Amino acid sequence: MKATNGKTFMEALSALCKRRGFIFQASEIYGGLNGFWDYGPLGIQLKNNIRDDWWRRMVTCTPAGPDGEPVQIVGLDSAIIQNPKTWQASGHVAGFNDPMVDCRACKARFRADQIDQYECPRKPSKKAGEHTECDLTEPRSFNLMFETYVGAIKNDESRAYLRPETAQGIFLNFRNVVDTMRVKVPFGIAQVGKAFRNEVTPRNYIFRSREFEQMEMEWFCHPDEADQWFRFGKEQRMAWWRGLGVREASLRFRDHEQDELAHYSNACVDVEYLYPFTAPDFGELEGIAHRGCFDLTQHQEHSGTKMEYFDQEKNLRFLPNVIEPASGLTRAVLVVLCEAYRVEWVPTSDDGGDPVEADPNGKAPEGYEERTVMRFLPKLAPVKAAVFPLLKNKPELVAKAQEIYNSLREHWPVFYDQTGAIGRRYRRQDEIGTPFGITVDFDTLADDTVTLRDRDTMKQQRVKIAELSSIIGNAVRG
RNA sequence: GCGGGUGUAGCUUAGUGGUAAAGCUCCAGCCUUCCAAGCUGGCUAUGCGGGUUCGAUUCCCGCCACCCGCUCCA
């Protein structure tokens with residue numbers, strides 16, 4: 001996929017992200033480290049804004065459920081390193097310590113040293129590998145989890161793992177939350193945090209990295225209601241992605257086939273996005289899984305702690321089923337960046353109309369010039385507004401601009417810039433997606449009005465200083 | 001993990017077995033009454049390590065990173 005000047009879209013986007021302080025290669029001065037990324041001053045602001053929007057939707061301002069009442073979801077922040085038995089119970093350790101052989105044909109996985117004891121899933125009468133369609137890989141070790149050692153002694157007893165997903169921390173605390181929060185099934189527990197996977201092939205910028213951030217919610221419900229909540233979660237999640245300003249045509253659902261379901265899952269649907277590097281195909285963005293009672297059962301068996309829930313009203317004791325929407329926060333950052341990035345041609349004359357999307361293969365026509373702009377929704381923009389004195393060598397303009405800047409930054413991340421020509425300052429803000437430019441000129445000193453410049457249309461209007469807060473506030477609330 | 005390609009400043013590109021050049025960006029100053037203007041000055045680069053050589057950014061080897069295919073992807 002081409003962008004401009006022969007560069008691919010992703011090259012142009014990652015160059016902007018570096019140039020403007022969104023995303024840097026981790027330990028860049030040492031040559032980097034494959035699969036790790038640092039988020040710069042604007043990147044962390046953007047990431048936090050997405051995270052906060054998810055948290056608001058998931059925890060503090062949940063949607064109404066089928067009965068019209070808001071669904072109940074509480075937050076959690078569990079440890080990255082848990083008792084290693086956690087990962088034995090969850091199934092993450094199994095198969096990691098021994099070389100494994102996969103069958104490409106039937107997706108089955110066998111221990112290499114015991115392969116003659118397995119039956120081929122397709123042909124119960126035959127051993128693995130004996131069927132004509134069997135397509136076995138070489139034995140390989142899968143060490144998807146990062147290992148570390150707890151305490152001073154490094155041995156098998158002290159070995160622990162960096163969590164490969166945040167979900168298990170939620171299951172471990174199911175009883176704690178039920179016992180302390182007066183929640184009733186159905187309810188959910190949401191968590192945002194780092195997860196680590198020693199991926200074979202990190203690829204495609206921040207799409208698949210070895211350290212990443214997840215936003216997961218485990219919804220606990222009665223088994224009879226699980227299918228209904230699965231459908232509900234599916235709709236809610238798609239609505240959230242659209243609410244980030246992602247174009248409808250760039251999103252779709254994809255149901256998992258029976259043979260690609262993970263070991264814990266009864267059903268799974270992916271929200272997929274049309275990534276520039278997968279186009280014309282879509283790529284995974286979020287998974288919504290029906291996990292049945294797999295996890296609570298496993299932890300109940302391995303820990304000996306009862307995970308059953310007792311419904312007082314119905315006098316029912318049962319092991320809840322779990323619906324899990326699991327998405328990558330860092331992947332959401334990538335999607336928002338891809339959606340926002342535009343190269344446009346803007347008319348050089350005042351009455352030339354609105355900016356138009358640039359032809360990736362062409363030069364700007366006569367009367368137009370090129371600009372790069374990040375069209376973030378105001379609620380996601382790292383910086384909400386920039387304040388400029390029209391001229392920096394006029395102390396009265398500078399003083400007034402700084403006064404406005406200082407009052408606005410009480411409420412939002414706001415930028416102040418007095419360097420260079422005013423047009424140059426607007427364009428700088430376009431590149432980081434600041435929705436509003438506020439310029440203090442000589443009229444300001446007379447009537448307390450400023451020009452408010454819109455990032456997308458590049459149009460300006462005169463507004464009272466006193467109105468700025470409500471204008472920006474309304475836009476940011478969306 | 002396999003194969004191919006690429007590594008010179010923040011970006012885009014020069015160039016050389018012997019002092020690394022330019023434009024844009026960025027910073028400072030001057031100027032400037034609304035969309036990357038002008039003038040002056042400034043910071044900043046041969047991915048890392050070894051070898052050959054009097055001398056390596058240039059030639060050779062290894063590594064690292066990135067890109068493109070495949071592979072993989074709880």
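What you see is a predicted model, and the numbers here were worked out from it, not measured in a lab.
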request  = With sequence neighbours excluded, tell me which residues meet side chain to side chain donor-acceptor pair (under 3.5 Å) with Lys18(A).
outcome  = Glu28(A)
Just list the side-chain donor-acceptor pairs under 3.5 Å for residues 438-449 of chain A, sequence neighbours left out, or say none.
from      : atom 1 : to        : atom 2 : distance (Å)
Thr439(A) : OG1    : Tyr426(A) : OH     : 2.6
Asp441(A) : OD1    : Asp443(A) : N      : 3.1
Asp441(A) : OD1    : Thr444(A) : N      : 3.2
Asp441(A) : OD1    : Thr444(A) : OG1    : 3.2
Asp441(A) : OD1    : Arg462(A) : NH2    : 3.0
Asp441(A) : OD2    : Arg462(A) : NH1    : 3.0
Thr444(A) : OG1    : Asp441(A) : N      : 3.0
Thr444(A) : OG1    : Asp441(A) : O      : 3.2
Thr444(A) : OG1    : Thr449(A) : O      : 2.7
Asp447(A) : OD1    : Thr449(A) : N      : 3.1
Asp447(A) : OD1    : Thr449(A) : OG1    : 2.7
Asp447(A) : OD2    : Thr449(A) : OG1    : 3.4
Asp448(A) : OD1    : Lys400(A) : NZ     : 3.4
Thr449(A) : OG1    : Arg462(A) : NE     : 2.7
Thr449(A) : OG1    : Arg462(A) : NH2    : 3.0

query = Nearest nucleotide by nearest heavy atom, which residue falls closer to the 5' end of RNA chain B, Arg371(A) or Arg19(A)?
reply = Arg19(A)
ask   = Does a side-chain N or O from Arg424(A) land closer than 4.0 Å to OP1 or OP2 of A37(B), or not?
value = yes
inquiry  = Distance check needed: C35(B) C1' versus Asp417(A) CG, whole Å only.
reply    = 14 Å
request  = Strictly below 4.0 Å, heavy-atom distances to any atom of RNA chain B: list the hits from residues 453-461 of chain A, or just say none.
outcome  = Arg453(A), Met458(A), Gln460(A)
query = If you look at every strand shown and take non-hydrogen atoms under 4.0 Å, does Glu431(A) touch a base, only sugar-phosphate, or nothing?
reply = base
ask   = Picking from C11(B), C72(B), U33(B), which would you name as closest to the side chain of Arg208(A)?
value = C72(B)
Between protein and nucleic acid, restricted to nucleotides 41-44 of chain B and to nitrogen or oxygen atoms under 3.5 Å apart, what atom pairs and distances do you find?
none

C1' atoms of G69(B) and G49(B), separation to the nearest Å = 30 Å
ask   = Can you name the side chain to side chain donor-acceptor pair (under 3.5 Å) partners of Arg291(A), sequence neighbours left out?
value = Asp295(A), Glu324(A)
Scan the side chains in residues 34-47 of chain A for donor-acceptor partners under 3.5 Å anywhere in the protein, sequence neighbours excluded, and list what turns up.
from     : atom 1 : to        : atom 2 : distance (Å)
Trp37(A) : NE1    : Tyr205(A) : O      : 3.3
Lys47(A) : NZ     : Glu213(A) : OE1    : 2.6

Tabulate atom names and distances for all N/O pairs under 3.5 angstrom spanning the protein and nucleotides 61-69 of chain B.
from   : atom 1 : to        : atom 2 : distance (Å)
C64(B) : O2'    : Gly31(A)  : O      : 3.3
A65(B) : OP1    : Asn34(A)  : N      : 3.1
A65(B) : O4'    : Gly31(A)  : O      : 3.1
A65(B) : O3'    : Gln25(A)  : NE2    : 3.0
A65(B) : O2'    : Gln25(A)  : NE2    : 2.8
C66(B) : OP2    : Asn34(A)  : OD1    : 3.2
C68(B) : N4     : Arg203(A) : NH2    : 3.3
G69(B) : O6     : Arg203(A) : NH2    : 3.1

key: By side chain to side chain donor-acceptor pair (under 3.5 Å) - contacts of Thr372(A) (at least two apart)   = none
message = Between C1' on U71(B) and CD on Glu199(A), what's the gap in Å once rounded to a whole number?
response = 13 Å
For Asp430(A), the option from Arg342(A), Arg453(A), Arg375(A) that meets side-chain contact (heavy atoms from CB on, under 4.5 Å) = Arg453(A)
key: Nearest-angstrom distance, P atom, U52(B) to U44(B)   = 32 Å
message = Val463(A): which residues meet the side-chain contact (heavy atoms from CB on, under 4.5 Å) condition with it, sequence neighbours left out?
response = Val450(A), Leu452(A), Gln461(A), Glu467(A), Leu468(A), Ile471(A)
So which protein nitrogen or oxygen atoms get under 3.5 Å of nucleotides 28-32 of chain B's nitrogens or oxygens?
from   : atom 1 : to        : atom 2 : distance (Å)
U32(B) : O4     : Lys392(A) : N      : 3.4

request  = For A36(B) versus C43(B), give the span between their P atoms, rounded off to a whole number of Å.
outcome  = 28 Å
query = With rounding to whole Å, what would you report as the distance between U58(B) and U53(B) at their P atoms?
reply = 16 Å
request  = Using the C1' atom on both, measure A9(B) against G50(B) and round to a whole Å.
outcome  = 26 Å
ask   = How far, in whole Å, is A45(B) from C24(B) if one measures between their C1' atoms?
value = 16 Å
inquiry  = Measure CD/Glu272(A) against P/C73(B) and give the value in whole Å, please.
reply    = 17 Å
task = Answer with yes or no whether the side chains of Thr278(A) and Asp281(A) bring together a donor and an acceptor at under 3.5 Å.
result = no
message = Enumerate the salt bridge (charged side-chain N to carboxylate O under 4.0 Å, His left out) contacts for residues 193-208 of chain A, please, sequence neighbours excluded, ordered by first and then second residue.
response = Lys194(A)-Glu211(A)
ask   = When you compare G5(B) with C48(B), how far apart are their P atoms, in angstrom units rounded to a whole number?
value = 22 Å
query = To the nearest angstrom, how far is Glu370(A) atom CD from U12(B) atom C1'?
reply = 13 Å
message = Applying a 4.0 Å non-hydrogen cut-off, can you work out what Arg197(A) is touching in the nucleic acid: base, sugar-phosphate, or nothing?
response = sugar-phosphate
query = Counting only non-hydrogen atoms, which of residues 77-88 of chain A are less than 4.0 Å from RNA chain B?
reply = none
query = Are any of Arg428(A)'s side-chain N or O atoms less than 4.0 Å away from OP1 or OP2 of C26(B)?
reply = yes
request  = Pick the P atom in C31(B) and in U13(B), then give their distance to the nearest Å.
outcome  = 38 Å
